[in-house]
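So you know, we letter chains A, B, ... as the sequences are listed, proteins then strands, and number each from 1.
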Amino acid sequence: MVDFLNLIRNENMKMFRAPRLFVMLGIVLALVIAISSVWFTVDKGQTAMWEVIITETMFLYWIVTIFAVIVASGTVAEEFSTGTIKLLLIRPWNRSKILLSKYISSLLFALFFAIVFLASLLLVNWIFFDLLGNGESVERLSQFTSMSNSEYMFKYYGLLFLNTVMTVTISFMLSTVFRSSVLAIAMALFIEIVVNNLMQLLAFVKYKWIDYVLFVHLDLTKFVGGNVASDGKTLGFSLSVLGVYYVIFIALTWIIFNKRDVAS
Amino acid sequence: MGKPIVQLQGVTKRIGSRTIIDNLTLDVPSGEVFGFLGPNGAGKTTTIRMMVGLMSITSGDILIDGHSISKQFEKSIRHVGAIVENPEMYKYMSGYQNLIHFARMIPGITSHRVKEVVALVGLESRIHDKVKTYSLGMRQRLGVAQAILHKPKLLILDEPTNGLDPAGIRELRDYLRNMARQEGVAVFVSSHLLSEMELMCDRVAIIQNGKLIDVRSIQGSDNSAKSLRILFEVEWPESALEVLAASGLTGISEGAGVIAIEGDKELAAQVNESFVRSGIKVYGIRADIKSLEEQFLEMTGGEGIG
Ligand SMILES: Nc1ncnc2c1ncn2[C@@H]1O[C@H](COP(=O)(O)OP(=O)(O)OP(=O)(O)O)[C@@H](O)[C@H]1O
Ligand SMILES: [Mg+2]
């Protein structure tokens with residue numbers, strides 16, 4: 001077990017590497033600070049803190065997913081493109097364990113970025129709109145439930161993170177199968193930009209099979225107000241469909257990685 | 001020589017309808033430096049990929065220290081250190097971080113051992129620089145370092161001298177021989193640098209088009225008991241041939257005053273004596289030892305890739 005943690009340490013060392021990590025952190029922080037300060041100057045700090053936070057989450061969160069995907073899809077693809085995969089796979093660890101360490105590290109990276117993003121949102125906007133501003137602080141984010149603002153925010157954020165996990169898993173599969181990050185990143189962009197914003201329209205198409213299409217279920221934020229969404233779908237059903245896809249994706253990724261001849 | 005560390009048993013690799021490796025069988029015992037020789041595209045790298053489990057084996061099996069690489073991968077690979085083709089490292093990390101990375105993957109490698117290996121491959125002064133600043137030879141040295149970190153019983157090196165300077169080649173050669181002699185490591189080296197292999201290896205296998213065509217020992221310069229082709233450079237070749245015929249020997253005229261006979265060292269001395277006694281001047285005597293290189297070219301037909 002301790003030995004397996006060493007594999008994860010190795011992957012973390014490669015994923016959290018210097019220039020790339022700081023560029024990503026810088027972009028996230030700069031965006032949050034820039035948008036909040038512009039907002040603050042325009043409305044002179046009148047808006048409630050939580051409202052700014054939730055709005056910025058809606059508009060900026062996808063960047064977290066994209067950064068997580070860039071790192072996750074690179075972890076396998078880069079080893080193939082640079083040839084280091086040969087040195088990695090000739091250690092006393094079977095391929096499944098090597099791949100698992102990479103997958104776990106990818107999720108850890110996603111979690112790290114999600115936390116950093118949330119923390120910077122909370123901190124920056126607390127400074128601007130609570131400390132310096134004078135917005136009405138007790139406005140309720142959710143009109144239909146009794147959740148507090150922070151409860152609502154964390155639930156919304158958790159549902160977003162499930163989308164990230166699913167997207168990272170899909171990219172991880174694509175980059176392992178095709179040994180290239182390009183398709184994986186393109187797919188993630190498609191999910192973030194098209195699917196999460198437009199695919200729910202598909203749900204109104206009256207074919208039974210539409211209910212089982214992966215893309216219809218990827219955006220779970222519609223369940224933030226309760227377990228039944230406005231279109232009548234339940235959270236449980238969406239999670240079950242996602243669960244089935246998840247198992248299939250993971251199985252495919254592992255089977256193909258184990259079978260492949262490494263001849264790069 | 002000890003027990004076999006690696007055994008290839010009827011190893012065959014087919015990709016699509018092409019047979020790339022055809023029924024390869026050979027053993028390498030501990031303490032031996034084994035050369036794996038073949039022209040471009042012969043299948044050296046493919047064989048090595050199968051030996052370290054990077055490629056599946058179509059039929060046959062490879063045992064390392066008695067364990068099948070395909071069925072007991074973790075058990076058998078534990079005893080192997082290897083460089084497959086180029087020593088590709090993580091360029092964005094330092095040489096030291098690269099070694100730590102691989103050291104973590106095998107229990108029991110201390111930081112003391114890492115330093116020892118760094119000193120052994122002569123990289124102390126540059127080990128904390130990023131690998132992307134290394135020359136090819138320095139990367140080759142780092143490649144050797146990661147391969148020997150865990151004191152493997154079998155060391156597999158695919159064209160390890162590629163990129164090394166003459167001093168580096170010499171160091172590597174001495175180091176590999178030492179590993180074999182003193183620590184009983186079986187060393188499996190592929191190369192097309194034939195002269196290199198003659199100096200370094202105990203035995204050499206020659207493969208071509210995926211087939212093993214010869215395995216032979218390199219016996220240093222000890223040719224005393226063997227039958228050789230002996231070349232005499234003489235004043236009058238015709239008279240010399242007559243002298244030979246008179247004592248029941250057949251000589252072959254090679255032109256330019258050179259005649260050849262088959263025989264051992266003893267015969268050479270006798271023939272020389274009879275030439276001199278018949279008043280034929282002998283300008284030179286030498287054994288026509290084909291270098292491994294010539295034998296190799298002869299065997300593989302010196303043809304191109306295929
Ligand atoms: N993935 C592959 N798919 C199909 N054919 C392959 C593959 N890899 C290698 N080959 C073929 O197998 C043969 C042996 O290749 P290999 O790389 O083992 O040769 P080699 O002896 O290492 O040559 P070199 O001296 O050039 O390094 C070649 O004809 C090559 O074209
Ligand atoms: Mg090769």
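- Using a 4.5 Å cut-off between heavy atoms, B:F73 contacts chain A through its side chain alone, with no backbone atom that close.
- For the residue pair B:Y96 and B:V114, the shortest heavy atom distance occurs at CE1-CG1, 3.7 Å.
- Contact of A:R17 with chain B is made through the side chain alone, with heavy-atom distances under 4.5 Å.
- Of the atoms belonging to B:M89, heavy atoms from both backbone and side chain fall under 4.5 Å from chain A.
- A:S171 OG to A:I70 CD1: the interatomic distance, rounded to the nearest 0.5 Å, is 10.0 Å.
- Comparing B:R104, B:K91, B:M55 by heavy-atom pairs within less than 4.5 Å of chain A, the highest count is held by B:R104.
- Looking only at distances, no side-chain donor or acceptor of B:R49 sits under 3.5 Å from a matching main-chain atom of A:K86.
- Here the side chain of A:R95 pairs a donor or acceptor atom with the backbone of A:F257 at under 3.5 angstrom.
- Chain B forms the most heavy-atom pairs under 4.5 Å with one residue out of A:N94, A:I98, A:L89, and that residue is A:N94.
- Residue contact with chain A, scored on non-hydrogen atoms closer than 4.5 Å, involves the backbone of B:N86 exclusively.
- Partner B:P39 forms a side chain to side chain contact (heavy atoms under 4.5 Å, CB included) with one of B:Q208, B:K44, B:H192 and no other, that one being B:Q208.
- With hydrogens and angles ignored, the 3.5 Å screen pairs no side-chain donor or acceptor of A:W62 with any backbone N or O of A:I193.
- Looking at A:T84, both its backbone and its side chain come within 4.5 Å of chain B, counting heavy atoms on both sides.
- For A:K259, no part lies under 4.5 angstrom from a heavy atom of chain B.
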